[in-house]
Amino acid sequence: MPEYLAPGVYVEEVDTGPKPIEGVSTSTSGMVGVARRGPVNKPVLVTNFGEYRRFFGNLLGEGTYGSRRWLPYAVEGFFANGGRRTYIVRVAKIRPAPGEPANTPVAAVAHAILPDRSTAARRTLAQAARAGESEIDLPYWAGLSVGDVLQLGDGVEAEYVQITGFTDRIRINTPLARDHRAGVTVMQVSPALTTLARPSANSVNAPSIHVANRNAAGLVVDAWVQIEEGNNTEFVRLGAGGIEVTPTLRFTHEAGRNVRVVGLPIAATGALGALANIGDTTIQLNATAAAGLAQDDWIQILGNSGQEQSQADFVRIVSAIPAAAPFDVTIAPALRFAHAATREIRKATIAAA
């Protein structure tokens, strides 16, 4: 504003003409084209070429895609020249056009599942994975990063792999040891806290465990840990020195088995709906537990009064939850302790160390 320093008459010129149009960012663009995978006909924001590859796949070969191969090259060039943001719309031809040979290359229509909070850690294989392969296919990659540990399958067929990178598929650190069918459950778990050592000491009824790293941050008194071994997976509560356990070991475990921290909610997920006895492989849930649990969940059934922790059972729900009462479900392993009706149930999660 003008500064008036003395009284008098002043003339002030005011510009009433149109203001110039301000410049806008040219670092944002939109692109439409063919990609290997990803949502079809939906704009997806991408901020670097690595992110593009995670959603839409890598570069396209001339022999298969011909003149339709240019989208990933354009995206790569855009970011190489300073671009910051681009919206990608994938188009996919699901069948040859009229007059084209039946074997004309087409892009497969992709689909993805957007998980809610209750299923975010659970995925299934998009196609069968064979022993010896070092890559797997999942229908969605949201929330996955290099270094994450995945559990393929469960029980004696369970296998654990670590993500090492993303291309058209998810690369894993070691070749698969066995075949896994399409649709098998894939769970995201935390990296192992440590591993067992001295297998002769980690035997049935042993009052302590022997680990490779006794200084691991999660080995603290009263922490619950999972000893991971297929159908012989078990959970124990740590005592003095972070190695004494309650209850005593149920199984003998080989050296090298992963030991992971277990997270439990403060409030109960529900309760038993009926008495459960030693050796039972079926339990009844009350309505609250049935509404808050799902197949493949690990649960803790607290012991009876005065023995809530020392006689707690950890079991996995291996059958679907019935839609209506009675909510009877199959569990594994069989119960180690007896539990009165209405005993609290808590959902166990594998927490980060």
Q: Report the hydrophobic cluster partners of Val315, with the cluster defined as I, L, V, M, F, W, Y residues connected by side-chain heavy atoms closer than 4.5 angstrom, directly or transitively.
A: Leu272, Ile283, Leu285, Leu293, Ile299, Ile301, Ile317, Ile321, Phe327, Val329, Ile331, Leu335, Ile345
Q: Hey, does Val236 have a side-chain heavy atom less than 4.5 Å from the side chain of Val225?
A: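 Yes, their side chains come closer than 4.5 Å.
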Q: Glu133 versus Arg169: any side-chain heavy-atom pair under 4.5 Å?
A: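 Result yes, sub-4.5 Å side-chain heavy-atom pair found.
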Q: How close do Phe49 and Val75 get, heavy atom to heavy atom, and via which atoms?
A: CD1-CG1, 3.9 Å
Q: Spell out, yes or no, whether Tyr87 and Val44 are grouped together once hydrophobic residues are joined by side-chain heavy atoms under 4.5 Å, including indirect joins.
A: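 No, because Tyr87 and Val44 fall into different hydrophobic clusters, even though each may have its own neighbours under 4.5 Å.
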Q: Salt bridge check, Asp313 against Arg336: does any charged N sit closer than 4.0 Å to a carboxylate O?
A: no
Q: Between Arg84 and Thr47, is there a side-chain heavy-atom distance shorter than 4.5 Å?
A: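 Of all side-chain heavy-atom pairs linking Arg84 with Thr47, none is under 4.5 Å.
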Q: So Thr233 and Ile227, side-chain contact (heavy atoms from CB on, under 4.5 Å) or not? Walk me through it.
A: CA-CA 6 Å; Thr233 293; Ile227 302 173; over 6 Å; no
Q: Can you give me the closest heavy-atom contact between Ala332 and Trp298, atom names plus distance?
A: O-CZ3, 4.2 Å
Q: Heavy-atom distance under 4.5 Å between the side chains of Ile163 and Arg171, does that happen here?
A: no
Q: Do Pro72 and Leu60 make a side-chain contact, defined as non-hydrogen atoms from C-beta onward lying under 4.5 Å apart?
A: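 Result yes, sub-4.5 Å side-chain heavy-atom pair found.
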Q: Rounded at 0.5 Å granularity, tell me how far CD in Glu51 sits from CZ in Phe56.
A: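 Between Glu51 CD and Phe56 CZ, I get 9.5 Å after rounding to 0.5 Å.
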Q: Should the pair Glu254-Arg257 be classified as a salt bridge under the 4.0 Å nitrogen-to-oxygen rule?
A: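 Salt bridge between Glu254 and Arg257, a charged N being under 4.0 Å from a carboxylate O: yes.
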Q: Should the pair Phe235 and Phe314 be assigned to parallel (<30°), tilted (30 to 60°) or perpendicular (>60°) ring geometry?
A: parallel
Q: May I ask you to decide whether Arg316 forms a salt bridge with Asp296, counting only side-chain N to carboxylate O separations under 4.0 Å?
A: yes
Q: With rounding to the nearest 0.5 angstrom, report the CZ to CG distance, Arg181 to Leu152.
A: 11.5 Å
Q: Can you measure from CG (Asn304) to CD (Gln311) and round to the nearest 0.5 angstrom?
A: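 Those atoms lie 7.5 Å apart.
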Q: Would you call Glu344-Arg346 a salt bridge at under 4.0 Å N-O?
A: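 Salt bridge between Glu344 and Arg346, a charged N being under 4.0 Å from a carboxylate O: yes.
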Q: Could you tell me which non-hydrogen atom of Pro175 sits nearest to which non-hydrogen atom of Gly132, and how far apart they are?
A: CB-O, 3.5 Å
Q: Nearest 0.5 angstrom please: Thr164 OG1 to Glu135 CD, how far?
A: 8.5 Å
Q: How long is the gap from CG on Asn286 to OG1 on Thr342, to the nearest 0.5 Å?
A: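 Going from CG on Asn286 over to OG1 on Thr342, the span is 9.0 Å.
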Q: Spell out, yes or no, whether Leu249 and Ile278 are grouped together once hydrophobic residues are joined by side-chain heavy atoms under 4.5 Å, including indirect joins.
A: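 Different clusters.
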Q: To the nearest 0.5 Å, tell me how far His253 NE2 sits from Thr195 OG1.
A: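 Going from NE2 on His253 over to OG1 on Thr195, the span is 13.5 Å.
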Q: Between Ala212 and Ala197, which heavy-atom pair has the shortest distance, and what is it?
A: N-CB, 4.1 Å
Q: Would a 4.5 Å heavy-atom cut-off, applied to side chains only, mark Leu59 and Glu76 as touching?
A: yes
Q: Under the criterion side-chain contact (heavy atoms from CB on, under 4.5 Å), I'd like the reasoning laid out for Arg37 against Phe55: C-alpha separation, chi angles, the key distance, then a yes or no.
A: CA-CA 7 Å; Arg37 62 166 181 266; Phe55 283 112; over 6 Å; no
Q: Between the main-chain N or O of Phe251 and the side-chain N or O of Glu234, is there a donor-acceptor pair closer than 3.5 Å?
A: yes
Q: Would a single hydrophobic cluster contain both Val32 and Val34, if residues Ile, Leu, Val, Met, Phe, Trp and Tyr are joined by side-chain heavy-atom contacts under 4.5 Å?
A: yes
Q: Answer whether the closest heavy-atom distance between the side chains of Val186 and Thr124 falls below 4.5 Å.
A: no
Q: For Ser203 and Thr252, which I'm curious about, is there any donor-acceptor pair between the side chains at under 3.5 Å?
A: no
Q: Is the backbone of Phe78 close enough, under 3.5 Å, to the side chain of Asn81 for a donor and an acceptor to pair up by distance?
A: no
Q: How close do Thr269 and Gly292 get, counting heavy atoms only, and between which atoms?
A: CG2-O, 4.1 Å
Q: Pair Thr86, Thr28 - check side-chain contact (heavy atoms from CB on, under 4.5 Å), show working.
A: CA-CA 5 Å; Thr86 182; Thr28 302; over 6 Å; no
Q: Between Ser319 (side chain only) and Thr330 (backbone N and O only), is there a donor and an acceptor less than 3.5 Å apart?
A: yes
Q: Side chains of Leu238 and Val245: closer than 4.5 Å at any heavy-atom pair?
A: yes
Q: For the residue pair Phe337 and His339, categorise the inter-ring angle as parallel (less than 30°), tilted (30 to 60°) or perpendicular (more than 60°).
A: perpendicular
Q: Around atom CZ of Phe79, are there more than 12 heavy atoms from other residues, nucleotides or ligands closer than 6.0 Å?
A: yes
Q: Please find the pair of heavy atoms, one from Ile136 and one from Ala129, that lie closest to each other, and give the distance.
A: CG2-CB, 4.3 Å
Q: Membership question, hydrophobic clusters at under 4.5 Å side-chain separation (ILVMFWY): are Val318 and Val184 in the same one?
A: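 The answer is no; the residues belong to distinct hydrophobic clusters.
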Q: Examine distances only and state if a side-chain atom of Asn277 and a backbone atom of Ala338 form a donor-acceptor pair shorter than 3.5 Å.
A: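 The answer is no, because no donor-acceptor pair under 3.5 Å joins these two groups.
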